[in-house]
Structures are given as C-alpha cells and as structure tokens.
Amino acid sequence: MKHALSVTRQQNFAAWYQEVISEADLAEESGVRGCMVIRPWGYGIWERIQKLMDAEIKKAGVENCYFPLFIPLSFFEKEADHVDGFAKEMAVVTHHRLVKGPKGGLIPDPESKLEEPLVVRPTSETVIGAAMSRWVQSWRDLPLLVNQWANVVRWEMRTRMFLRTSEFLWQEGHTAHADRADAMTETMRALEMYRAFAEGPLAMPVVAGEKPEHERFPGAVATYSIEAMMQDGKALQAGTSHYLGTGFAEASGIKYQDKEGAQQFAHTTSWGVSTRLIGGVIMTHGDDDGLRCPPEIAPWQVVIVPMLRDDDGDAAVLDYCRNLRLELLAQRAFGEPLRVLLDTKAAKASNKRWSWVKKGAPVIVEVGPRDVADGKAAVLRRDRLYKDDGKLATAFTPRDEFVAAAAAMLQDIQANLYAEAKARLDSNIARDVIDLAAHFKGDDAKFAGWVEVQWARPTGDGLTKIVEQLKALKLTMRNAPINAAPVDGVCFFTGAPAVERILIGRTY
RNA sequence: CGGGGAGUGGCGCAGCCUGGUAGCGCAUCUGGUUUGGGACCAGAGGGUCGCAAGUUCGAAUCUUGUCUCCCCGACCA
C-alpha cells in the first residue's frame, strides 16, 4: 500500500520520526546546534497545549509571572547538588559588546567583560528562590504559588527535535509552603494535573510514579514523573514534579515566621512540561502517513478542501464551502467551538489533501461540484484513513448529517487515539519477566515494552550496582507507579523483601 | 565530548576515486488534454556543490580547518 511517507515506522523508527516532523511542517533545523525553528503547525499545537494547561494551572490557584532569562552565576553556586546537575550544560554570557576584530568581523570586546558572568537559565529555581525570599516573611504569605511560561537552555551533547533540544519551551511551576505535607500535596497535585492532561487533551496514556533516587532532579528530595510508551516501546519522560524539601529555601533564604514566632524554612516544589510533549504526541499517535493530531490539540480540527477546476463552477463550490464552514463553527466539541479551516490556497486539491493527512488534521472534508449538486461532503477521518482494500475511506455524507455529527466525530477520534495507545501501553508492561537480558534481547529494533519488577529500593553502592547492571542492557528505571499493586514478594535484584514495584525499559 | 557517516536547485539523490565551473527523479511554472481524485503530454525556470583557507592554469572533485545534521557511545530534570 502506498503511504504518504517514504519511511515506515517498522523500517526505521528514528528516520520515520524525523520525516514526520519535516513532512508535517512541525519544525526544521535552524543552523544553530540543537536549536529548531518551530513552524506554524508545530507551534499551533504548542499554543493549544499552553492554552489548556494554563487553564489547569490557574484553576489550581497558581499565578503566572516572568523571571529573567539571565541568572547571575553566583545564584547557581548556592545549592550544591543543583550546581553538579547543571554545570556541565550551561550557556554563559561573559561580554556585553562587540568590536571589529583584527581579521575583520566582530569579536566580543575585551573591555566589555562582565564582572560576574550570567548564565542562560536552564531552569529557574534559583532566581525564583531569590524572589521568594523577598516575598515570604510570615506564615500568612504561604503558600506562594507561581508559574512561568518560558524558554530555557541546556547545552545538550546529543539533541533530537522536540525530545531533547538545547533550547526548549516549557512551563515551570514553583511553589513555597509552610510544611512538608503541604508541599507534598502540591507536588502530587501537579503530577495528577500532568497525568490528566496527557491522557485527556494529548490522548497519551502515561504511568505516574516516583523516580528512583539516582534519577532525581538535582537538589530534589523526591521527583515524580509521568512516563509514556512510544510506538517503538521506549519510554518518554513527559512531565516531572519535584518536592524540593527545604534545600532551595535554605540556599535562597526563603524563611517565614510561624504562628509561634519562630523562623522556619519554607518547603518548595517545582514542576514542568515542555515542547517534548509534542515529540511524545508524534511517537504515540503518528502512523506511516504522518502525524495524527488529537482533535483537542489540533490547531485546525476540520479542514475543508475545495476541489477547484479553474472554471465557472468554482464560485459555487467556494460558496458552499464557506457556508459549510460557518455551520461547523457553530458546533462545539470539548467545550469549545470547532476550529475549521477553509483551505483556499492555490494548490491542487489532491496535494492539499495529502498535506493535511501528513499534518494530521483530524477531519478532512473535500467538496467538489458534484457534492454541491448533491448537498454532500466527502469526509475523511484521519484516524481511519483506509478501507480494507487499501483505498481512502472517504465517506460521501449528506452535508447536514455531517455538520450534526462533526463534534461527536472529533470526540470519537480523540477517544480512539487514546484507546489505541492505552491498549498498547497496557499490553506491553510485562510483570512476569525472570531474565531481563532475554526479554530485551539487546536488539533496538525489537519492540520490548517495559518490565515491572518488585524491588527493595537499595541505596548507595547497592543501587549503583543495579543501575550499572541495567545500563549494560541499555535499560533504565523509569518510575515506581503510584497506583501499582501492593508488593508481595522479594527484590528482583537482591532477593531482599520488596518495598515497591518499579518500571524498567529503554528510554529517550 | 569520543568513534562512524553525511552536507550538491524546495525534497530525495548521482557526479568526487581517475580535477576541465553540474545532472536525474519528485515538486514548481507555462500551454494543452483530463476530471469523484496522490492524472497525462509537451515545454520552461531554479543550484557559483555547507562555509573558509590552501594546492593547481583550472576545484563539487585533492588538502587542512570550521559549522551543521544523522547513527553508536559517554552524558542527560
């Protein structure tokens, strides 16, 4: 069967992923290492994510604000673990002016060297901590709940579009609380918000759980994540929420006077999701014809493609399409009016159709002169593109019938995408594995999914040994699912009594 | 950052070994023929071959440097 892409997922998943990004006009290279240009269709998806996520954040009483891109180097030196975690991948600003160099061109002016270098934020705990120390004086100032939508920079050694780029877009929530219990409640609230968001608007099933000790955010007391399973069986960390204890509060001086008049350090949290989510959506829902964009985050949910012939009949077709669009705009799905595009671009209808197939528009509607005469529309669902015979499953539907059914169709597509991915996740977590090496076979191309084992959660050398053992098989621990079944056995690695269940898999 | 591969019209590639200033397919444009569906025929436009030095009468081709991308590794909230 002929597909819109030249590489299938089966043939080469990595090459397929890149082809989806380029063929769906999501993003392209920028000429700067690890940085990408996010094109309108890709950015439109991000805007949908922002809009829906922002509403959830605000619903939780968290307020938006904005902190500077540049952070004084000294801020980073305050929290030791934080330094260790990020020092290796920091972009540093050392000069503020350019002058003509001896060989022509421009060089940083040696005279303009900064007294104290500035780092480009890799995350904002330190600057926000400094502000919080000013804002928090009394127990009455807590909890303090802020969030920012921003770009951050981490000088990554190896980059992949959306999944790991040197610069990326994200939201980072930062909160300060009077005590551990309150901060933990917030940490878990954010985690649940991410789970619901991934499984709702993104139709991407995830497992929420706690990261093992060695996978924690630098400086965190506890790190939680949502992990999604990609179509090649690898895990993608799609969101994180951290309980930071009082470490950052101590480093930044976030103190408050409690009801008894004593000075106390606040307990802080931070949590974020990034443009990586788009990579997750691609690898969760994409097929050999490109992206399949979940309707809730699709910039356009219905795209109308008029079949114009450059003759007198065109006016009637366009007129029919405009009216169809207006009727669709009056419909609502997911609590919002439908987003409908009439694609009047001067291109061949068939090319436009395939372009929207590759971009993953959930519903593509073609309208030709005969449809106008018959009062119909040729409807194509992106989640069910082909009939059994390999031909496009275009449904010639009476126009009124389609308009009335459009919203339900979108919700059905959303549900279908989720159900498909959910079935894949559920059926590919093995819980009876005895030999990891045999299960994963060492072959990247083989879909092996994840393995859940019970373990004793050793620390120190005991943990290091296990991590190395897994590393030899190219495996990592993902998280300990918060809703896992209770333990009833011994540690997979050590034979000691188990204390929790943990997921193991290959990862991005 | 280490090892390997690659950069030639919008996209995918050939040419490079054996230097003589570029070619193919798709896409694009024009004309014609088609018209329920990823059309056909004919013609045309578009690239100083990632960038910079060097060797040479002459460099896409040889040498060196550099940037970017891909794969493996190390690293990675």
Side-chain angles (χ1 to χ4, degrees), chain A residues 1-7 12-15 17-19 21-23 25 28-36 81-82 84-90 103-105 121-125 152 154-161 163-166 168 170 172 211 214-220 222-227 237-242 244 269-274 276 289 305 307-311 313 317 346-358 364 366-374 376-378 380 385-386 390-392 394-396 444 471-472 474 476 479 507-508:
Chain A
M1 189 159 70
K2 190 178 175 185
H3 285 287
L5 302 183
S6 67
V7 185
N12 185 337
F13 197 77
Y17 175 74
Q18 282 157 214
E19 196 180 356
I21 288 171
S22 108
E23 289 295 312
D25 294 341
E28 63 188 18
E29 280 153 26
S30 65
V32 179
R33 184 184 171 79
C35 296
M36 61 179 176
D81 292 332
H82 203 55
D84 289 347
F86 285 107
K88 298 182 294 297
E89 50 184 48
M90 213 86 98
K103 296 181 207 157
R121 66 178 162 226
T123 179
S124 301
E125 274 75 8
V152 288
R154 296 176 188 181
W155 216 261
E156 300 289 351
M157 289 292 110
R158 191 173 170 185
T159 60
R160 308 180 92 144
M161 284 210 176
L163 301 177
R164 176 169 287 109
T165 46
S166 294
F168 57 91
W170 78 344
E172 46 178 327
K211 284 286 194 186
H214 63 287
E215 297 270 349
R216 274 180 204 144
F217 175 72
T223 286
Y224 297 83
S225 72
I226 52 170
E227 304 280 334
Q237 180 174 300
T240 50
S241 183
H242 317 287
L244 303 174
T269 80
S270 68
W271 29 273
V273 293
S274 71
R276 175 183 273 188
D289 293 293
V305 177
M307 312 203 56
L308 305 175
R309 290 178 182 167
D310 239 1
D311 62 23
V317 171
K348 277 194 295 189
S350 57
N351 287 346
K352 289 199 279 189
R353 174 180 65 230
W354 286 104
S355 149
W356 287 111
V357 165
K358 288 187 282 190
I364 299 164
E366 294 173 270
V367 174
R370 197 181 299 176
D371 300 309
V372 175
D374 297 349
K376 290 190 173 176
L380 191 56
L385 255 196
Y386 298 102
K391 291 190 176 149
L392 285 176
T394 308
F396 295 91
D444 274 337
K471 197 164 154 187
K474 295 202 256 187
T476 58
N479 67 22
T507 185
Y508 275 98

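Quick note on labels: first sequence line is chain A, next is B, and so on, each numbered from 1.
Residues A:Gln18 and A:Val152 both approach RNA chain B. Their nearest nucleotides, taken by heavy-atom distance, put A:Gln18 toward the 5′ side.
Put simply, A:Thr394 has no side-chain N or O that comes within less than 4.0 Å of OP1 or OP2 on B:rG37. Proximity of A:Arg158 to the phosphate of B:rA74: no side-chain N or O atom is located under 4.0 Å from OP1 or OP2. Considering only side-chain N and O atoms, A:Lys474 lies under 4.0 angstrom from the phosphate OP1 or OP2 of B:rG73. For B:rU28, one of the phosphate oxygens OP1 or OP2 lies less than 4.0 angstrom from a side-chain nitrogen or oxygen of A:Asn351. In this structure, A:Lys348 does not reach the B:rG38 phosphate: none of its side-chain N or O atoms is under 4.0 Å from OP1 or OP2.
Using a 4.0 Å heavy-atom distance criterion, A:Glu23 is classed as making no nucleic acid contact. Residue A:Phe168 is classed as a base contact, given a heavy-atom separation below 4.0 Å to a base. Residue A:Arg216 is classed as a sugar-phosphate contact, given heavy-atom separations below 4.0 Å to backbone atoms only. Using a 4.0 Å heavy-atom cutoff across all strands shown, A:Arg33 reaches sugar-phosphate atoms only and no base atom. Within the nucleic acid shown, A:Arg160 comes within 4.0 Å of sugar-phosphate atoms alone, with no base atom in reach, counting heavy atoms only. At the heavy-atom level, A:Ala378 lies under 4.0 Å from base atoms of the strands shown. Backbone-only contact: A:Lys471 has heavy atoms under 4.0 Å from sugar-phosphate atoms and none from a base. The residue A:Thr240 sits close to a base: some heavy atom pair falls under 4.0 Å. Residue A:Pro218 is in sugar-phosphate contact alone, with no base atom involved, counting any heavy-atom pair closer than 4.0 Å across all strands shown. When heavy atoms are screened at a 4.0 angstrom cut-off, A:Trp271 is found touching no nucleic acid atom at all. Nucleic acid contact for A:Lys211: none, since no nucleic acid atom lies under 4.0 Å from a heavy atom of the residue. A:Asp371 comes within contact range of at least one nucleobase, with a heavy-atom separation under 4.0 Å. Contact annotation for A:Gly34: backbone-only contact, meaning every heavy-atom pair under 4.0 Å involves sugar-phosphate atoms and none involves a base.
Using a 30° and 60° split on the angle between ring planes, A:His3 and A:Tyr386 fall in the perpendicular class, above 60°.
One finds no salt bridge joining A:Lys358 and A:Glu19 here, because no Lys/Arg side-chain nitrogen approaches an Asp/Glu carboxylate oxygen to under 4.0 Å.
Nucleotide B:rU33 forms a pair with B:rA39, judged by Watson-Crick or G-U wobble geometry with both contacts under 3.5 Å. When both distances must be under 3.5 Å, the Watson-Crick or G-U wobble mate of B:rU63 is B:rA53.
Of the residues A:Glu366, A:Lys352, A:Lys348, A:Arg353, the one that meets the side-chain contact (heavy atoms from CB on, under 4.5 Å) test with A:Met307 is A:Glu366.
For A:Arg309, the listed nucleotide lying nearest its side chain is B:rU35; candidates were B:rA74, B:rU35, B:rG38.
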